[in-house]
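Everything numeric in this text was worked out from a predicted model, so none of it was measured.
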Amino acid sequence: MDLWQLVKEAVEPLGLEVLEVHLGRGEFLVRLERKDERPITVADLEQASRAIEVLLDREDPIPGSYRLLVESPGPKRPLLTRRHFERFQGLKARVQGEETFTGRILRVEEDVVVFGVGGEEKALKIGTFRAHLAEWPEEPR
């Protein structure tokens with residue numbers, strides 16, 4: 001069973017979006033954000049945790065025991081979609097792909113993100129690299 005899809009099924013009705021799902025060493029980590037882009041609350045995370053637990057108990061996709069961790073994205077927020085890059089334009093991101101660098105998100109053109117790195121621009125197609133925020137905005141975005 002696809003754990004990402006299972007979590008998505010549990011949290012989408014709550015207005016939440018799945019950013020990360022990771023299973024390892026007795027822990028099942030889920031990172032979420034609100035679809036309306038408002039800051040996620042402890043109440044949101046509690047509600048999501050209960051919804052995920054119900055589906056995990058019903059489907060039983062993970063053998064053995066584990067601890068479920070449901071979190072907000074935090075300071076190393078993954079950037080996955082065009083909207084994520086648009087939302088955090090102007091901030092620095094840590095990029096891993098063919099090369100690894102930290103650069104400012106300058107703009108998004110169709111499915112390409114343009115980063116400013118050392119006075120130069122690097123354009124990368126979304127989906128060909130991994131990125132997370134390298135700095136946090138002063139105000140929630």
Side-chain angles (χ1 to χ4, degrees), residues 1-118 120-141:
M1 171 159 283
D2 181 358
L3 292 175
W4 186 287
Q5 189 60 40
L6 185 73
V7 170
K8 182 178 174 182
E9 180 183 328
V11 302
E12 273 195 338
L14 305 174
L16 301 172
E17 179 181 356
V18 181
L19 291 176
E20 188 175 353
V21 172
H22 178 74
L23 178 63
R25 294 193 173 192
E27 290 185 345
F28 181 43
L29 171 67
V30 176
R31 288 202 174 103
L32 305 169
E33 76 172 342
R34 291 174 57 121
K35 287 184 179 183
D36 64 10
E37 299 182 355
R38 294 178 51 214
I40 197 162
T41 66
V42 171
D44 293 329
L45 296 173
E46 289 172 347
Q47 191 177 21
S49 181
R50 285 191 295 275
I52 294 166
E53 286 172 355
V54 167
L55 279 181
L56 290 174
D57 287 346
R58 185 182 75 209
E59 300 294 330
D60 198 23
I62 304 170
S65 63
Y66 59 90
R67 182 171 57 151
L68 174 62
L69 303 171
V70 180
E71 302 177 350
S72 68
K76 288 194 174 181
R77 181 194 200 294
L79 302 170
L80 307 169
T81 66
R82 176 190 170 117
R83 177 63 192 137
H84 292 161
F85 289 101
E86 290 171 341
R87 183 174 166 194
F88 294 104
Q89 187 171 321
L91 297 177
K92 289 182 182 177
R94 181 81 175 141
V95 178
Q96 295 173 310
E98 287 185 23
E99 59 180 302
T100 298
F101 62 87
T102 299
R104 191 159 310 279
I105 304 166
L106 298 178
R107 62 187 176 280
V108 180
E109 300 169 346
E110 300 295 322
D111 61 348
V112 173
V113 181
V114 180
F115 298 92
V117 182
E120 296 182 10
E121 292 186 358
K122 291 189 184 283
L124 300 173
K125 185 175 179 178
I126 295 171
T128 64
F129 63 94
R130 292 180 21 190
H132 64 267
L133 281 183
E135 66 180 348
W136 197 245
E138 291 182 25
E139 296 292 321
R141 293 187 185 184

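- The line from CG of Leu68 to CG of Leu23 is 10.5 Å long, rounded to the nearest 0.5 Å.
- Nearest approach of Lys35 to Leu16, heavy atoms of both residues: CE-O, 3.4 Å.
- For Arg67, the CZ atom is loosely surrounded, since the number of other residues' heavy atoms within 6.0 Å does not exceed 12.
- Within a 6.0 Å radius of CD in Glu109, other residues, nucleotides and ligands contribute more than 12 heavy atoms.
- Partners of Tyr66 according to the side chain to side chain contact (heavy atoms under 4.5 Å, CB included) rule, which considers only residues two or more places apart in sequence or in another chain, are Phe28, Leu56, Ile62.
- The distance from the CG atom of Leu14 to the CZ atom of Arg50 is 9.5 Å, given to the nearest 0.5 Å.
- Rounded to the nearest 0.5 angstrom, Phe88 CZ and Ile105 CD1 are separated by 8.5 Å.
- Between atom NZ of residue Lys8 and atom CG of residue Leu55 there is a gap of 14.0 Å, rounded to the nearest 0.5 Å.
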Walk me through whether Leu133 and Leu79 qualify under side chain to side chain contact (heavy atoms under 4.5 Å, CB included).
CA-CA 7 Å; Leu133 281 183; Leu79 302 170; 4.1 Å; yes
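- With rounding to the nearest 0.5 angstrom, the CD atom of Glu98 is 8.5 Å from the CG atom of Leu124.
- Under the 3.5 Å distance criterion, the side-chain polar atoms of Gln89 are matched with a main-chain donor or acceptor of Leu106.
- Using a 3.5 Å distance cut-off with no hydrogens or angles, the side chains of His132 and Glu20 do not pair a donor with an acceptor.
- Glu135 meets the salt bridge (charged side-chain N to carboxylate O under 4.0 Å, His left out) test with Arg104; sequence neighbours excluded.
- Nearest heavy atom pair, residue Asp44 against residue Arg34, reads OD2-NH1, 3.1 Å.
- Between Arg87 and Glu33 there is a salt bridge, with a side-chain nitrogen of the basic residue lying less than 4.0 Å from a carboxylate oxygen of the acidic one.
- Within 6.0 Å of CZ on Arg83 lie more than 12 heavy atoms contributed by other residues, nucleotides or ligands.
- Considering all non-hydrogen atoms of both residues, Ile40 and Leu32 come closest at CD1-O, 3.7 Å.
- By the side chain to side chain contact (heavy atoms under 4.5 Å, CB included) test, Val117 is found to be paired with Phe101, Phe115, Lys122, residues two or more places apart in sequence or in another chain being considered.
- For the atom pair CG of Leu19 and CZ of Arg77, the computed distance is 5.0 Å after rounding to the nearest 0.5 Å.
- Across every non-hydrogen atom of Leu80 and His84, the tightest pair is N-ND1, 2.9 Å.
- Two residues are said to be in side-chain contact when any heavy atoms from C-beta on lie closer than 4.5 Å; Arg94 and Thr100 meet this criterion.
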